[in-house]
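Order of the sequence lines fixes the chain letters, A, B, ..., with proteins taken first and strands second; residue numbering starts at 1 for each chain. Quick note: numbers below take in every heavy atom, side chains included, and nothing from hydrogens, waters or symmetry partners.
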Amino acid sequence: MLDRKFIVENSEAVKRNCRDRGVAADVDRFLALEGLRRERQAEVENLNRRANEVSKSIGQAKDATEREARKEEGRQLRERTGQLRAELDALAAEQEAIHRWIPNMSHPDAPRGRDDQANREVGRGKTPLPEFDFEPLDHVELAERLDLIDFAGGARVAGHGFYFLKNEAVLLELALQRYALGLLIGEGFTPMTTPDLASNQILEGTGYIPRGPETQIYSIENQNLSLIATAEITLGGLLAGQTVDAEALPLKLCGVSHCFRTEAGAHGKESRGLFRVHQFTKVEMFAFTLPDDSEAMLEYLRELECRLFDGLAIPYRVVDTATGDLGGPAYRKYDLEAWLPGRGGFGEVTSTSNCTDYQARRLNARFKVKGEKGTRFVHTLNGTAIAISRALIAVLENHQQADGSVAIPEPLRAVVGKDVIEPRK
RNA sequence: GGAGAGGUGGCAGAGUGGUCUAAUGCGCGGGUUUGCUAAACCCGUGAGCCUGUAAAGGGCUCCGCAGGUUCGAAUCCUGUCCUCUCCGCCA
């Protein structure tokens, strides 16, 4: 969420930003409600003050008659307060609903535009696009020939969008995790495995909406829990309701978790193979920073993502995400899009966002500077280190060879235990 | 899953219906004393929101969370979450 005062004081900029992001939030109604709400609140507080005074005087009443009279006065005050309080709650609820719809502000350099067509390419990886002297296969075909993935089995067991990894693919999953963790630990990130479920309150705090028709989230029946769509949810939730010392920041975490996504409404598009699946494993980077440090941290997270994919010798481009494609919480977002020979195009493999204080305000995650009065909200950032399913596509398709084998990128060889995945006899 | 105990400020811990405006200690900040350090002593020390000032000040809310009873709740009642102990089950 944005700061209420900020919205009031910068209403034109907020409205413009909503337009840039393609969000139809009724900012004018929000502003009107802010005035009404404050008015009501002042009345409620005033009545509360008087009721408190009356209550206090009862203990010191001289006789029973006076006591009863004061009680009656208190009763009436409390009754009136209750009515006003109900009105206040209704106003606050309506305002809150609009408030939640208003997206984060956008970085001035983020390209303005309705959707990903407006994304701006800002860089390329070190690895040039591959030139095959044979017709490259897509990962589904490759996995079939090398016996690496059982899509039919996954569908039988859990439905379309689920899969079994087999043979070297299993080791590749472990190797990719180990590779990412090794680099990140070296950079001072604290490695963590996280719960694969989180309470709905934490989901909402990080900007994910459990339940509802458009939800990307699987919910657990009769429980206030959902399967997480990313470890961003659990890692961000770590500081929910907490206040940390400013000296403890930045906090750099990397979380390994499974990710579950319903992909509601996404059927048909990119639904072949591993690209859009209901479950995958991911190593996620997450950072809590001081407000002044978040922009530099975003560049750092992007640089780490580049290093990871350069290390795998996978060609990619980096895009600065357009306003209309940023979602709710992000202030600025970079995506890495790997070259995927199977489709002859780029496909998103990682994404890193600076959410400034937008998530922190919902989560109520604060920091305190020693000696200063009060607290402020931290900034949160997240970035994919390695999403296994999509990284697997990129590895298989880019490193396929004429004889049908796949060369394993150097950093993964030790864990996989071989240099090349050969076709099975 | 069952039974019991408990959740109070940065921490420990008192408080079972009305000066709780939350004791006390530790910690932390400032000061006095002092060659330096330490000790001792003194003063201060939560957060959010509203209002408002030159600085200030004033008010409301917060004792896990949500309800309820009452003129009044940290305190009584209900629900819920979490922690601990024991039992059962179990990788």
Side-chain angles (χ1 to χ4, degrees), chain A residues 1-9 30-96 99-100 193-205 210 219-226 233-234 237-249 251 258 291 357-378:
Chain A
M1 287 188 287
L2 294 177
D3 180 43
R4 277 212 313 266
K5 268 190 215 148
F6 177 88
I7 298 172
V8 171
E9 287 163 10
F30 177 93
L31 297 172
L33 285 166
E34 178 70 8
L36 292 170
R37 197 185 54 77
R38 284 196 187 191
E39 208 174 290
R40 269 291 171 285
Q41 178 163 335
E43 292 175 43
V44 167
E45 288 185 1
N46 197 35
L47 281 172
N48 263 342
R49 181 177 54 75
R50 283 165 57 195
N52 286 343
E53 284 166 7
V54 169
S55 292
K56 229 169 262 184
S57 75
I58 289 174
Q60 293 142 16
K62 293 184 177 52
D63 55 58
T65 317
E66 188 189 335
R67 199 187 325 271
E68 281 312 313
R70 299 244 114 189
K71 276 193 184 182
E72 182 52 31
E73 188 183 354
R75 254 192 292 273
Q76 284 177 12
L77 279 170
R78 299 278 175 189
E79 197 183 327
R80 180 78 189 117
T81 309
Q83 291 167 4
L84 284 176
R85 161 65 69 184
E87 292 176 29
L88 174 63
D89 288 347
L91 289 171
E94 187 187 349
Q95 191 189 24
E96 160 94 5
H99 198 174
R100 300 174 60 91
T193 61
T194 93
D196 284 342
L197 289 86
S199 76
N200 292 334
Q201 193 187 329
I202 297 296
L203 278 277
E204 285 160 20
S219 291
I220 305 297
E221 201 173 0
N222 298 326
Q223 301 235 254
N224 189 32
L225 288 170
S226 297
I233 292 167
T234 43
L238 261 184
L239 286 195
Q242 304 288 304
T243 303
V244 298
D245 286 336
E247 297 99 83
L249 300 173
L251 224 52
H258 293 115
D357 60 2
Y358 190 88
Q359 286 178 324
R361 187 168 288 107
R362 261 191 212 178
L363 289 167
N364 193 23
R366 300 162 176 273
F367 70 92
K368 175 165 182 61
V369 178
K370 213 171 246 166
E372 270 184 25
K373 196 99 178 126
T375 58
R376 295 169 64 198
F377 292 108
V378 300

Applying the Watson-Crick and G-U wobble criteria at under 3.5 Å, what pairs with [N]? Answer none if nothing qualifies.
{"N": "B:C41", "result": "B:G31"}
{"N": "B:C76", "result": "B:G68"}
{"N": "B:A54", "result": "none"}
{"N": "B:A91", "result": "none"}
{"N": "B:U24", "result": "B:A12"}
{"N": "B:U85", "result": "B:A3"}

| query | Of A:Arg376 and A:Arg75, whose nearest nucleotide on RNA chain B comes first from the 5' end? | reply |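 First, find each residue's nearest nucleotide; the 5'-ward one identifies A:Arg376.
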| Upstream residue (5' side of RNA chain B) when A:Asn46 and A:Arg78 are each assigned their closest nucleotide |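 Mapping each residue to its closest nucleotide by heavy atoms, the 5'-most match is A:Asn46.
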Inter-nucleotide [atom1] distance ([N], [M]), Å rounded:
{"N": "B:C36", "M": "B:C43", "atom1": "C1'", "answer": "25 Å"}
{"N": "B:C11", "M": "B:A47", "atom1": "P", "answer": "14 Å"}
{"N": "B:U78", "M": "B:A73", "atom1": "C1'", "answer": "15 Å"}
{"N": "B:C62", "M": "B:A22", "atom1": "C1'", "answer": "13 Å"}
{"N": "B:G27", "M": "B:G9", "atom1": "C1'", "answer": "12 Å"}
{"N": "B:G31", "M": "B:G72", "atom1": "C1'", "answer": "41 Å"}

| query | Under 3.5 Å, is there a donor-acceptor pair linking the side chains of A:Arg366 and A:Thr375? | reply |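 The answer is yes; a qualifying pair exists.
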It should be established whether [X] places a side-chain nitrogen or oxygen under 4.0 Å from OP1 or OP2 of nucleotide [N].
{"X": "A:Lys368", "N": "B:A47", "result": "yes"}
{"X": "A:Arg49", "N": "B:G59", "result": "no"}
{"X": "A:Asn48", "N": "B:C50", "result": "no"}
{"X": "A:Thr375", "N": "B:G48", "result": "yes"}

| message | Treating A:Asn364 as the side-chain partner and A:Ala240 as the backbone partner, does any N or O pair qualify as donor plus acceptor under 3.5 Å? | response |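 Not at all, since once roles are kept as given, no pair shorter than 3.5 Å links the two residues.
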| Do side-chain atoms of A:Arg376 reach the backbone of A:Val369 as a donor and acceptor pair under 3.5 angstrom? |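 Checking the backbone N and O of A:Val369 against the side chain of A:Arg376, no donor-acceptor pair under 3.5 Å is found.
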| field | Single hit among A:Glu43, A:Arg50, A:Arg49 for side chain to side chain donor-acceptor pair (under 3.5 Å) with A:Asn46 | value |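 Only one of A:Glu43, A:Arg50, A:Arg49 forms a side chain to side chain donor-acceptor pair (under 3.5 Å) with A:Asn46, namely A:Arg49.
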| Do the charged groups of A:Arg4 and A:Glu34 touch, with an N to O distance under 4.0 Å? |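 Salt bridge flag = yes for A:Glu34 with A:Arg4.
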| message | Closest approach to the side chain of A:Lys5, judged atom by atom: which nucleotide of B:C50, B:G18, B:G59 is it? | response |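 The answer is B:C50, which lies nearest to the side chain.
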| Any idea which of B:G48, B:C60, B:C50 is nearest the A:Asn52 side chain? |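 From the listed options, B:C60 comes nearest.
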